[in-house]
Amino acid sequence: MKLRCLVLPVLACVVFARVAGFAAETTTNSQSPPVADTESYRLTSNDLLQIKIYQEDDLETKVRLAKDGTATFPLIGTVQLAGRTVEEATMLLRDKFDADYLVNPQVTLTVVEYSKRRFMVLGQVQKPGAFEIPNEETVTLLQAIAMAGGYTRLANPSRVTVTRTVDGRKNNFQLDAKAAAQDPTTKPFAVLPEDTITVAERVF
């Protein structure tokens, strides 16, 4: 193992982007709804990962992400990985090993087994129940409703609620799925594991 004799400063850059197009409200904060990205799978709890470091066979690790999205590794300890892409997680691990322990480590991260990522669709849909997000894919709100067989004749597509738990707190996003379907410029709302989608009933 190549021990590092000095610590190089790491500069972090955080970019904040404002997402427009899909109007939503949350009852607990002003968080903007996420935008679906069909090309970037984000790690989630219960994913099984394999981490290899070139010429450091003793540090090879196979670990499953805990419920809180963390995993524990040799030398660097516990790291929060859930919510990151594979590339982002790889760079994070590389920086942590590079900071104090190894010289220019070449880290490879592979998802060996994906967790079951389920969400619920309730209310005025043809087939309410639990559905699964396919591996390495993203499901949008409109796709989720289609997976549930579409609307019933009593549905009000303009009033769809997505309930999501973040850090132990429930957030309710009030969405207009009808407007989103009619406007091709609307950015899609990404459904996350454990979300509950409820389609309201029309008021006659």
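For the residue pair Asn104 and Arg94, a side-chain donor N or O sits within less than 3.5 Å of a side-chain acceptor on the partner.
Contacts of Ala89 classified as side-chain contact (heavy atoms from CB on, under 4.5 Å), with partners at least two apart in sequence or in another chain: Leu43, Leu81, Arg84, Leu109. For Asp47, the side chain to side chain donor-acceptor pair (under 3.5 Å) criterion is met by Tyr41, Ser115, not counting sequence neighbours. Applying the side chain to side chain donor-acceptor pair (under 3.5 Å) rule to Thr161 yields the partners Gln174; only residues at least two apart in sequence or on another chain are considered. Residues that satisfy the salt bridge (Lys or Arg N to Asp or Glu O under 4.0 Å) test with Glu113, not counting sequence neighbours, are Arg64. Gln50 is linked by a side chain to side chain donor-acceptor pair (under 3.5 Å) to Glu60, counting only residues two or more places apart in sequence or in another chain. For Arg118, the salt bridge (Lys or Arg N to Asp or Glu O under 4.0 Å) partners are Glu132, not counting sequence neighbours. The side chain to side chain donor-acceptor pair (under 3.5 Å) test applied to Asp57 returns no partner, not counting sequence neighbours. Every residue two or more places apart in sequence or in another chain that forms a side-chain contact (heavy atoms from CB on, under 4.5 Å) with Pro128 is listed here: Val125.
Cluster membership check: Phe131 shares its hydrophobic cluster with Val139, using side-chain heavy-atom separations under 4.5 Å among Ile, Leu, Val, Met, Phe, Trp and Tyr. Clustering ILVMFWY residues whenever any of their side-chain heavy atoms sit less than 4.5 angstrom apart, transitively, puts Leu141 in a cluster other than the one holding Met120.
Between Ile197 and Leu122, the closest side-chain pair of non-hydrogen atoms is not below 4.5 Å. Using a 4.5 Å heavy-atom cutoff, the side chains of Thr44 and Arg117 are in contact. The shortest distance between side-chain heavy atoms of Ile133 and Thr138 does not fall below 4.5 Å. Here the side chains of Thr163 and Asn171 are not in contact, with every heavy-atom distance at 4.5 Å or above.
Counting Ile, Leu, Val, Met, Phe, Trp and Tyr side chains that sit under 4.5 Å apart, directly or through other members, Val203 stands alone, with no cluster partners. Alongside Met91, the hydrophobic cluster contains no other residue (criterion: ILVMFWY side chains under 4.5 Å).
The backbone N or O of Gln124 sits nowhere less than 3.5 Å from a side-chain atom of Tyr151 that would complete a donor-acceptor pair.
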**OP:** May I have the step-by-step check of side-chain contact (heavy atoms from CB on, under 4.5 Å) for Ile51 and Thr108, ending in yes or no?
**Re:** CA-CA 6 Å; Ile51 291 82; Thr108 302; over 6 Å; no
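For the side chain to side chain donor-acceptor pair (under 3.5 Å) condition, the pairs that include at least one residue of residues 69-79, sequence neighbours left out, are Asp68-Thr70, Thr72-Thr78. The side chain to side chain donor-acceptor pair (under 3.5 Å) pairs that include a residue from residues 192-203 are Arg164-Asp195, where partners are two or more places apart or lie in different chains.
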